[in-house]
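Worksheet: one structure, shown below.
Because only heavy atoms are used, hydrogens play no part in the values below, and waters and symmetry mates are left out as well, while side chains stay in. Lettering of chains follows the sequences in order, A, B, ..., and the numbering in each one begins at 1.
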Amino acid sequence: MLFAISARPPFNFQSVLQSHGWGQCLPFRLDDETGNLGYTLRLSRGRVIDLEISESPDGIQVQTGQLNASEKKEVSSALTWMFALNMDLSPFYEAIRGKAPLVHVEKRAMGRVLRSPTFFEDIIRTILTTNTLWTATIRMTANLVGQFGDPLSSDPERKAFPTPQRLATVSETRLREETRLGYRAPYILNLAQRVSASNLDVEAFKTSNLPTLDLRKELMKIQGVGPYAAANLLMILGRGDFLPIDTWALKMVSQEWHAGQTVTPAQVQAAFEKWGEWKGLVYWFWDWAYLRKAKSD
DNA sequence: GGTAGACCTGGACGC
DNA sequence: GCGTCCAGGTCTACC
């Protein structure tokens, strides 16, 4: 079946896909030819379905197998969250309007960050981005999905992201040695076990009314989530008060404002401080001169 | 509160 | 093919 879901305008499908690298990590699949996004989704009752998501005139449309009414509602709800279809970007655009390195942002309806259907999946994937190369993040995620995800009945090669319950039963040794998570294995296992045992409701973070500072403290109580990962997760939650400062950020700020001299995290923070609650989004979508030059060379 | 070192993997490099 | 070095955030112990 095929159905459409409208987005709060302005909306740009490709801008969401390109907002970060999640589309390269299973169970997402980016189709370079069509520009569409695939995703293998496990519904709450355990059925695994495949989604082919593309742009529609006023939002997105999704091609999938036959769904009953409650399944269709669940898929619509998941996609609305994943693409932040309800997000109101007008205050952000008002704050950045006319600022030179950001003029492309409103033109291309940027500001939404692609999310996973569950915050559990986003936390795990974020932990797997820490202290490693992006190619290793893609590999670790693929291992997790391939080894522990529920398969699609029509194509068992395609699997959904593992549930907390499934991961909670896996040994740390296996996560370490077979899934190749290394020292991250106990962090992933601990999170899965806490969520599985209902000792931590990570999905509640999606609708939390906590001030961002408090939300950040809660996120940093999760093993494996430090300042960088917390800022990244806050961005996913639509809170742009903190910067995910990694080595890339240090390099960009060094090149942009310090003539290539080594900079500290505090200097990165200072560079964006004036943007207040929007600093995360401003940083995320900044048009870096260093990258522009690299492209033109 | 700040700092140093350990953690682990895989890619790059030299031999 | 093998060994070594390095990059990448977080955690823990220590000051």
Between A:Asp50 and A:Arg29, does any NZ, NE, NH1 or NH2 come within less than 4.0 Å of an OD or OE carboxylate oxygen? yes

Do any N or O atoms of the protein come closer than 3.5 Å to N or O atoms of nucleotides 3-6 of chain B, and which pairs are they?
none

Closest approach to the side chain of A:Leu133, judged atom by atom: which nucleotide of B:dG11, C:dC11, B:dC7 is it? B:dG11

Centre of A:Trp22's six-membered ring, under 6.0 Å away, within 45 degrees of the axis: is that where NZ or CZ of A:Arg115 sits? no

Counting only heavy atoms not in A:Lys99 (residues, nucleotides, ligands), do more than 12 fall under 6.0 Å from its NZ? yes

Which side-chain N or O atoms in residues 271-282 of chain A pair as donor and acceptor under 3.5 Å with protein atoms at least two apart or in another chain?
from	atom 1	to	atom 2	distance (Å)
A:Glu273	OE1	A:Gln269	NE2	3.4
A:Lys279	NZ	A:Asp241	O	3.0
A:Lys279	NZ	A:Gly276	O	3.4

Just to confirm, is there a sub-4.0 Å distance from OP1 or OP2 of B:dG11 to any side-chain nitrogen or oxygen of A:Arg139? yes

Could you give all pairs that pass the ring-ring contact (aromatic ring centres under 6.0 Å, His included) test and reach residues 209-247 of chain A, with sequence neighbours left out? none

note: A:Gln223, atom CD; C:dT12, atom P; distance rounded to Å ~ 6 Å

Within residues 59-68 of chain A or reaching into it, pairs that qualify as side chain to side chain donor-acceptor pair (under 3.5 Å) - sequence neighbours excluded: A:Ser54-A:Gln61, A:Asn68-A:Ser70

Rounded to whole Å, how long is the line connecting atom CD1 of A:Ile138 with atom C1' of C:dG8? 15 Å

Is the backbone N or O of A:Leu37 less than 3.5 Å from a side-chain atom of A:Glu52, with the two atoms forming a donor-acceptor pair by type? no

Between C:dC11, B:dC7, C:dT10, spot the one nearest the side chain of A:Thr130, thanks. C:dT10

Would you call A:Glu94 and A:Arg97 a salt bridge, using N to O less than 4.0 angstrom? no

Identify all pairs in which a protein N or O lies below 3.5 Å from an N or O of nucleotides 2-5 of chain C, and state each distance.
none

According to the salt bridge (charged side-chain N to carboxylate O under 4.0 Å, His left out) rule, which pairs have a member within residues 227-238 of chain A, sequence neighbours left out? none

When the side chains of residues 247-254 of chain A are checked against the rest of the protein, which donor-acceptor pairs come out under 3.5 Å, sequence neighbours left out?
from	atom 1	to	atom 2	distance (Å)
A:Lys251	NZ	A:Tyr290	OH	3.3
A:Ser254	OG	A:Gly260	O	3.3
A:Ser254	OG	A:Gln261	O	2.8

Please give, in whole Å, the distance from C:dC11 P to A:Lys221 NZ? 14 Å

Quick check on contacts: within residues 170-193 of chain A, what sits under 4.0 Å from DNA chain B by heavy-atom distance? A:Arg176, A:Arg180, A:Gly182, A:Tyr183

If we count only N and O atoms by modelled type, under 3.5 Å, do the side chains of A:Arg108 and A:Ser15 hold a donor and an acceptor together? no

Count the heavy atoms belonging to other residues, nucleotides or ligands that lie under 6.0 Å from NZ of A:Lys206, then report whether that count exceeds 12. yes

I'd like to check the side-chain hydrogen bond (donor to acceptor under 3.5 Å, both in side chains) partners of A:Asp201; sequence neighbours left out, ordered by chain and number. none

Starting from C1' on C:dC11, measure out to CD1 on A:Ile222 and report it in whole angstrom. 15 Å

Suppose we screen for side-chain hydrogen bond (donor to acceptor under 3.5 Å, both in side chains). Which residues come up paired with A:Gln255, at least two apart in sequence or across chains? none

Just to be sure I understand the rule, does A:Leu250 reach a base, reach only the sugar-phosphate, or reach nothing, if contact means heavy atoms closer than 4.0 Å? nothing

What about the rings of A:Phe161 and A:Phe148, do their centers lie closer together than 6.0 Å? no

For the helix from B:dG1-C:dC15 to B:dC15-C:dG1, how many degrees between its two end axes (five pairs per end), to the nearest 10°? 30°

In residues 229-247 of chain A, which ones come under 4.0 Å of DNA chain B, going by heavy atoms? none

Any sub-3.5 Å donor-acceptor pair from A:Arg42's side-chain atoms to A:Val48's backbone N or O? no

Starting at CE of A:Met140 and ending at C1' of C:dG9, how long is that distance when rounded to a whole Å? 11 Å

